[in-house]
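Model, not experiment: these values are computed from the prediction. Each chain gets a letter, A, B and so on, in the order its sequence line appears, and its residues count up from 1.
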Number of protein chains: 2
Amino acid sequence: MGVHGFERHDHARCVGSALDTAERFCAENKLKLTPARRRVLEILLSEHKAMGAYDILAILAAEGVGSQPPVVYRALDFLVGHGFVHKIERLNSYIACAHPGATHSPAFMICRACHHVVETPAQVSSGLDGAAADIGFAIEARVVEAEGLCPNCQSPDAVAR
Amino acid sequence: MGVHGFERHDHARCVGSALDTAERFCAENKLKLTPARRRVLEILLSEHKAMGAYDILAILAAEGVGSQPPVVYRALDFLVGHGFVHKIERLNSYIACAHPGATHSPAFMICRACHHVVETPAQVSSGLDGAAADIGFAIEARVVEAEGLCPNCQSPDAVAR
DNA sequence: AACTGAAATGTTATTCTGTATCAAGTCTTG
DNA sequence: CAAGACTTGATACAGAATAACATTTCAGTT
Ligand SMILES: [Zn+2]
Ligand SMILES: [Zn+2]
Ligand SMILES: [Zn+2]
Ligand SMILES: [Zn+2]
């Protein structure tokens, strides 16, 4: 059992299904989900939280998959490039996409107390698109993140969960 | 003459007026705009672009104001904390606020070709606020950034401006 | 099957970004 | 003036990301 959004869910199924989706997508698009890439995605899916590149690297190193920074950064570049993983700029960290498959411009809620990160299902950037259109700016990538307190951490006694 | 938004403007007046606003705000709120803080703000206003902390530090060091990282990071913490400067998370860099005074949740357009960064005047995050309200998340800070091509850099011959 | 070019890995080193820590100074306020 | 809060100085370190180059793997072609 892990935590998704701010509620519990069946995590093993969640991980397996996301991996399957990635496998299928790569097969269909002639992309190579190599061992290192697959393992990094699996780690991010399992941990189900935002992780620093070096946190991931420590796990890879312990498993003998690779122990130098480029190993994990290359895998992350691939996974981010194809939408399997998102970078949380505010935290300099990475998280598996919570809605794989659907093309989307994700937005994130980052709890500063429990450090959970939720990817919102909905498209959220309409105002930004409008502002860009007004000045003729052509958007290629978006960063939309909110930091604050999740529902669980707003009650005064919820600090140590 | 500098560049503001993606058009030209009277930059000297722009800098002076922003500094005045900051001075006034600090006086009214019993904040200390110390020499290092003032100089960092002035540098960011003058350059009128997003700068890395170490770029700023190099200028400070050349002037003898201070030469160690904490000098610039402390100044930036103060300036960001009070809204005089914004951090561009996507670039790990900092830019003077283009609309000082007004409380706002800024959004930025980052041109990947000419590296100009524009702060949009308008509030842009309504969708994010709605999504947060839906799940009971209490937003304290927002990061809204778009990367792409500014109007000047969209024509094929505009690469080297 | 051998050739070839593109993509992916392995490896070393380095650069860039940001903090922790502790000592010393300064300013405010009672 | 004394206490406390804030600011600065300085050293060291931690964390994040990339440069560069050699080597290997692999799909497609001859
Ligand atoms: Zn996603
Ligand atoms: Zn929380
Ligand atoms: Zn601003
Ligand atoms: Zn441009």
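- A/Pro69 and A/Tyr54 make their closest contact through CG-OH, 3.3 Å (heavy atoms, listed as atom of the first residue, atom of the second, distance).
- Regarding contacts with the backbone of C/dT9, every side-chain N or O of A/Tyr73 stays at 4.0 angstrom or more from both OP1 and OP2.
- Atom CG in B/Leu33 sits about 19 Å away from atom P in C/dT26, given to the nearest Å.
- Atom CG in A/Leu60 sits about 16 Å away from atom C1' in C/dT11, given to the nearest Å.
- The distance between atom CG of B/Asp55 and atom P of C/dG18, rounded to the nearest whole Å, is 11 Å.
- Within the structure, a side-chain polar atom (N or O) of A/Lys87 is placed less than 4.0 Å from OP1 or OP2 of D/dA17.
- Across the interface with DNA chain C, nearest-nucleotide mapping of B/Pro69 and A/Gln68 shows A/Gln68 to be the residue nearer the 5′ end.
- A distance-only check finds no donor-acceptor pair linking the side chain of A/His48 to the backbone of A/Ala96 [under 3.5 Å].
- A donor-acceptor contact under 3.5 Å is formed by the side chain of B/Arg74 with the base of D/dG9.
- Between the side chain of A/Arg39 and the backbone N or O of A/Leu60, no donor-acceptor pair lies under 3.5 Å.
- A residue-by-residue look at B/Pro70 and B/Lys32 shows that B/Pro70 has its nearest nucleotide of DNA chain C further toward the 5' end.
- If you measure from atom CG of A/Leu91 to atom C1' of D/dA17, you get 16 Å, rounded to the nearest angstrom.
- With B/His11 contributing its side chain and B/Glu47 its backbone, the two residues share no donor-acceptor pair below 3.5 Å.
- As a whole-Å value, the separation of B/Asp77 CG from D/dC6 C1' is 14 Å.
- Among the protein residues, B/Phe78 comes within range of no part of the nucleic acid, since none of its heavy atoms lies under 4.0 Å from any strand.
- Distance, A/Leu31 CG to C/dA6 P: 18 Å, rounded to whole Å.
- Here the side chain of B/Arg37 is nearest to one of D/dT7, D/dA16, C/dT9, namely D/dT7.
- We find that CD of B/Glu89 is positioned 13 Å from P of D/dA16, with the value rounded to whole Å.
- Contact of A/Tyr94 with D/dA16 (side chain to base): no donor-acceptor pair of N or O atoms is detected under 3.5 Å.
- Summarising the geometry, the separation between OH on A/Tyr54 and C1' on D/dA17 is reported as 6 Å, rounded to the nearest angstrom.
- At distances below 3.5 Å, at least one donor-acceptor pair connects side-chain atoms of B/Glu145 with backbone N or O atoms of B/Glu89.
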